[in-house]
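Reckoned from all heavy atoms, side chains included, excluding hydrogens, waters and symmetry mates. Per chain, numbering begins at 1; letters A, B, ... match sequence-line order.
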Amino acid sequence: MSVLVFADSKDGKFKKTALEVVSYGKKVASQLGVNLIALTVNVNETSELYNYGAEKVLNVSNNSLSTFNANKYAGLLEQAANKENASVIIIDSSIDSLYMAPLLAVNLNAGYASNVVAAPSNTAPFTVKRQAFSNKAFSHTEIHSAKKIIGLAKNSFGIHESSVAGTTENFEANIVESNVVSTNIERVTGKVTIADADIVVSAGRGMKGPENWGMIEELAGVLNAATACSKPVSDLGWRPHGEHVGQTGKPVASNLYIAIGISGAIQHLAGINASKVKVVINTDAEAPFFKAADYGVVGDAFEVVPQLIEKLKAFKAA
Amino acid sequence: MKILVCISHVPDTTSKINFTNNNAEFDKNGVQFVINPYDEFCLTRAMWFKEKQGATITVVNVGGAETEPTLRKALAIGADDAIRINTEATDGFLVAKELAAVVKNGGYDLVLAGKESADYNGQMVPGMLASLVDYNFVNACVDIVVDDNSATLKREIDGGNETLTANLPLVVGGQKGIVEEKDLRIPNMRGIMMARKKPLQVLEATGTEATTAITSYEKPAAKGPVKLVDASNLDELISLLHNEAKVI
Ligand SMILES: Cc1cc2nc3c(=O)[nH]c(=O)nc-3n(C[C@H](O)[C@H](O)[C@H](O)COP(=O)(O)OP(=O)(O)OC[C@H]3O[C@@H](n4cnc5c(N)ncnc54)[C@H](O)[C@@H]3O)c2cc1C
């Protein structure tokens, strides 16, 4: 038996979430007393994963996998899980993983728990803690099937070093056919995306109009952060839909979330609650966001943000 | 085109979440239930197909009798008929298997389902369903155009969009973007009257076993009060973020 993790990469380099799922996988493998195996795709240098506990890495090299395809990736994980007799398969919560995981669950007839936030509290019955009700609560879920799939929520377990002497094998998997064909990919380049960001700078209707977003982008630039917005802002067309965060928008689980001119409606908070530290800048001392925040400034964004930018520049330069 | 829209019956987004029975059950007391917001986008998109290209729309829910008002609302918005599969939806895999039985019998060309439900947020039912009935599947879909037997779709990816093609039959996990918020339909009086006469069929469940079970719930730990920093003392904010929170 073994635990298998999918360690996702971009341009041959591991994503931060890959190190987190390997760290988590190590914990589960030691709870079960079995080996940890990682699956990687088109990575030349895999040894970094040994530092986090991967005893064996299976790397698949195949050009037809350079663009993600849910059927093909689910097929790879299925074959790796069968080859290694994996009882637990762990993936991250990227948009691609969330697309693939249900297909893998059917292939392996495995119970699947998504949005998992902690190591299993028990391994028999196998019990995990998951986010539920759009981050307003947690559920303790038992998985009863022989094979189990865990989708780990981002930034929930952390990255933990645990060096082992690992080996890497070339894994010759069958690439399954898919009738879903990618014809074009458009990516906003040169910008930190919400999914990858450690810091997110978000602004709401309090900014009055799209012409005032220059300072939001400048603040994000100083902090190497992604920009985001509340729902009405994207509905009004002030900002692109991809920036809308909240219950019906993108989830944010960053280390720092700065909310500027956002009231803190329950639907907004539902999507950003998983962020570690929240800072609010709002003119209204009664804005509900202050109840959810760690740090707050009662003040006008048009005065506070430019000053904050200057002070952060000085702080970074020091 | 025969379209099936999967409808989840979920607490209204402003609901306070509480638990009873020693934290083993969700407390439905005083909670208003609605069509899952992601499913509402899908239903509106289905209405667009019906009006522009011609389609019949069936809505389906896996749940007890208390979910029927939600299905009636979907009928009032414009679906033609409804199916309720009479079992408690305790697990995503179970729901997908029950829906698969309906899809196999009904021979739908297009199945639309919200990419996740606003209560358990599992993001598993549409993909599992597609896989169980061997239909093509696109998730996190923000646009879909159907031309005869084939579809061109856009899905969200990290930091952008991907365009894909897939033949019907097809399952789509939809989200905002598949229609605009402003285009969402509110049932009117005529729709509500007509919905009362539209067929709502209740099917017994196949009795498939769940693979997971929720044993208890927990609320997040209460948060301490916010630390307020004076707007004229932003150096303090920077110092707190650097030294105390260690996030910059
Ligand atoms: C089904 C449903 C789903 C929803 N999903 C989401 C979601 O995913 N995400 C989301 O964000 N919302 C969502 N909403 C909407 C949500 O209820 C709120 O309407 C929305 O979050 C409010 O956005 P806002 O805070 O930017 O605007 P407002 O509510 O208008 O608040 C603006 C804030 O800016 C402050 N302000 C004004 N001027 C200044 C200034 N000069 N400097 C500093 N502060 C200032 C004000 O004091 C106020 O607090 C949803 C609603 C529904 C019904």
Item checked: Interchain contact, A:A293 with chain B, by part (heavy-atom threshold 4.5 Å) -> both

Margin query: Using heavy-atom distances under 4.5 Å, tell me whether A:K250 contacts chain B through its side chain, its backbone, both, or neither.
Written below: side chain

Check: Measuring heavy-atom distances to chain B, does A:L98 have an atom under 4.5 Å in its side chain, in its backbone, in both, or in neither?
Finding: both

Margin query: When you measure from the side chain of A:N155 to the backbone of A:A253, do you find a donor-acceptor pair of N or O atoms at a distance under 3.5 Å?
Written below: yes

Item checked: Cation-pi geometry met for B:K97 and B:F93 (6.0 Å, 45°) -> yes

Next item on the list: Against chain A, label B:E181 side chain, backbone, both or neither, depending on which of its atoms sit under 4.5 Å from a heavy atom there.
Entry: side chain

Note to self: Among A:V180, A:N109, A:T67, which residue has the highest count of heavy-atom pairs closer than 4.5 Å to chain B?
What the structure shows: A:V180

Note to self: Need one label for B:L153: side chain, backbone, both or neither, based on atoms under 4.5 Å from any heavy atom in chain A.
What the structure shows: neither

Notebook entry, point to check: How many angstroms lie between atom CE of B:M128 and atom CG of B:L94, to the nearest 0.5 angstrom?
Noted result: 10.5 Å

Margin query: Which one wins on heavy-atom pair count under 4.5 Å against chain B: A:S114, A:P240, A:G299?
Written below: A:S114

Note to self: So which residue, A:T193, A:I185, A:V279, ends up with the most heavy-atom pairs under 4.5 Å with chain B?
What the structure shows: A:I185

Notebook entry, point to check: Considering only heavy atoms, which portion of A:F126 lies under 4.5 Å from any heavy atom of chain B: side chain, backbone, both, or neither?
Noted result: neither

Check: Between B:T44 and B:E40, is there a donor-acceptor pair closer than 3.5 Å when you use the side chain of the first and the backbone of the second?
Finding: yes

Checklist line | Sidechain N-carboxylate O distance under 4.0 Å for A:D96, B:R155 | finding: yes

Item checked: Option that, when pairs with chain A are counted at under 4.5 Å, heavy atom only, ranks first among B:S216, B:A118, B:A166 -> B:S216

Notebook entry, point to check: Does any heavy atom of chain B fall under 4.5 Å from the side chain of A:K291, the backbone, both, or neither of them?
Noted result: backbone

Check: Given that the side chain runs from C-beta out, which part of B:Q175 has a heavy atom under 4.5 Å from chain A: side chain, backbone, both or neither?
Finding: neither

Item checked: Parallel, tilted or perpendicular: rings of A:Y99 and B:F137 (30°, 60°) -> perpendicular

Notebook entry, point to check: Is the side chain of A:K154 donor-acceptor paired with the backbone N or O of A:A195 at a distance under 3.5 Å, no angle test?
Noted result: yes

Check: Side chain, backbone, both or neither: which part of A:V298 has a non-hydrogen atom closer than 4.5 Å to chain B?
Finding: both

Checklist line | Non-hydrogen side-chain atoms of B:T70 and B:N61 separated by less than 4.5 Å | finding: no

Check: Which atoms of B:P126 come close to chain A, meaning under 4.5 Å heavy atom to heavy atom: side chain ones, backbone ones, both, or neither?
Finding: neither

Checklist line | Segment of B:I238 engaging chain A (4.5 angstrom heavy-atom cut-off) | finding: side chain

Next item on the list: Tell me, for B:F41 versus chain A, whether the close heavy atoms (under 4.5 Å) come from the side chain, the backbone, both or neither.
Entry: neither

Check: If you count heavy-atom pairs under 4.5 Å with chain A, which of B:K182, B:E116, B:K176, B:K219 comes out on top?
Finding: B:K176

Check: Is the backbone N or O of A:H140 less than 3.5 Å from a side-chain atom of B:T215, with the two atoms forming a donor-acceptor pair by type?
Finding: yes

Next item on the list: Hey, can you tell me if A:F289 and A:H268 have their rings parallel, tilted or perpendicular (30° and 60° cut-offs)?
Entry: perpendicular

Check: Is a side-chain donor or acceptor of A:R187 paired with a backbone partner of B:E162 at a separation under 3.5 angstrom?
Finding: no

Checklist line | Atom group of A:N179 that falls short of 4.5 Å from chain B, counting heavy atoms | finding: both

Next item on the list: Go through B:V229, B:T163, B:N139, B:T152 and name the one with the most non-hydrogen pairs under 4.5 angstrom from chain A.
Entry: B:T163

Checklist line | Top of B:G173, B:G122, B:P225 for chain A proximity - count of heavy-atom pairs under 4.5 angstrom | finding: B:G122

Notebook entry, point to check: If you tally heavy-atom pairs under 4.5 Å against chain B, which of A:T183, A:T141, A:V181 wins?
Noted result: A:V181

Check: For chain B, which of A:G242, A:A105, A:A101 has the most heavy-atom pairs under 4.5 Å?
Finding: A:A105

Next item on the list: Would you mind telling me which of B:V142, B:V138, B:L132, B:V10 has the largest number of heavy-atom pairs within less than 4.5 Å of chain A?
Entry: B:V138

Notebook entry, point to check: Where on B:L237 is there a heavy atom nearer than 4.5 Å to chain A: the side chain, the backbone, both, or neither?
Noted result: side chain

Notebook entry, point to check: Under 30°, 30 to 60°, or over 60°: which ring-plane class applies to B:H242 and A:F315, parallel, tilted or perpendicular?
Noted result: perpendicular

Check: Heavy-atom distance under 4.5 Å to chain B: side chain of A:I266, backbone, both or neither?
Finding: side chain

Check: Which bit of A:Q307 comes within less than 4.5 Å of chain B, counting heavy atoms only: side chain, backbone, both or neither?
Finding: both

Note to self: Between B:D39 (side chain only) and B:S8 (backbone N and O only), is there a donor and an acceptor less than 3.5 Å apart?
What the structure shows: yes

Next item on the list: Could you check which of A:A285, A:S254, A:G111, A:S182 has the highest count of heavy-atom pairs closer than 4.5 Å to chain B?
Entry: A:S182

Checklist line | Donor-acceptor contact present, side-chain B:E244 to main-chain B:S239, <3.5 Å | finding: no

Item checked: Proximal component of B:K154, with respect to chain A [non-hydrogen, under 4.5 Å] -> side chain

Checklist line | Side chain / backbone / both / neither for A:Y295 at chain B, heavy atoms under 4.5 Å | finding: both

Note to self: Go through it in stages, so that I can follow the logic: the residues are B:T14 and A:Q267, the test is side-chain hydrogen bond (donor to acceptor under 3.5 Å, both in side chains), and I'd like the CA-CA distance, side-chain angles, deciding distance and then a yes or no.
What the structure shows: CA-CA 7 Å; B:T14 55; A:Q267 299 93 349; 5.5 Å; no

Check: Taking atom types as modelled, is there a side-chain donor on B:H9 or B:T67 under 3.5 Å from an acceptor on the other?
Finding: no

Notebook entry, point to check: By a 4.5 Å heavy-atom criterion (distance strictly below it), what part of A:L308 contacts chain B: side chain, backbone, both, or neither?
Noted result: both

Check: Hey, is A:K10 close enough to A:D196 for a salt bridge, meaning N to O under 4.0 Å?
Finding: yes

Next item on the list: Below 4.5 Å from any heavy atom of chain B, which atoms of A:N135 appear? Answer side chain, backbone, both or neither.
Entry: backbone

Margin query: Report which part of A:A270 has an atom under 4.5 Å of a heavy atom belonging to chain B: side chain, backbone, both, or neither.
Written below: neither

Check: Side chains of A:K191 and A:T227: do they bring a donor and an acceptor to under 3.5 Å?
Finding: yes

Notebook entry, point to check: Pick one: which of B:I3, B:V103, B:L99, B:V60 meets side-chain contact (heavy atoms from CB on, under 4.5 Å) with B:V111?
Noted result: B:V103

Checklist line | B:P220 portion near chain A, given a 4.5 angstrom heavy-atom threshold | finding: both

Checklist line | Side chain / backbone / both / neither for B:L234 at chain A, heavy atoms under 4.5 Å | finding: both

Note to self: At a heavy-atom distance under 4.5 Å, which candidate from B:N167, B:L240, B:D230 has the highest pair count against chain A?
What the structure shows: B:L240

Next item on the list: Output yes when B:K115 and B:E156 qualify as a salt bridge under the 4.0 Å nitrogen-oxygen rule, no when they do not.
Entry: no

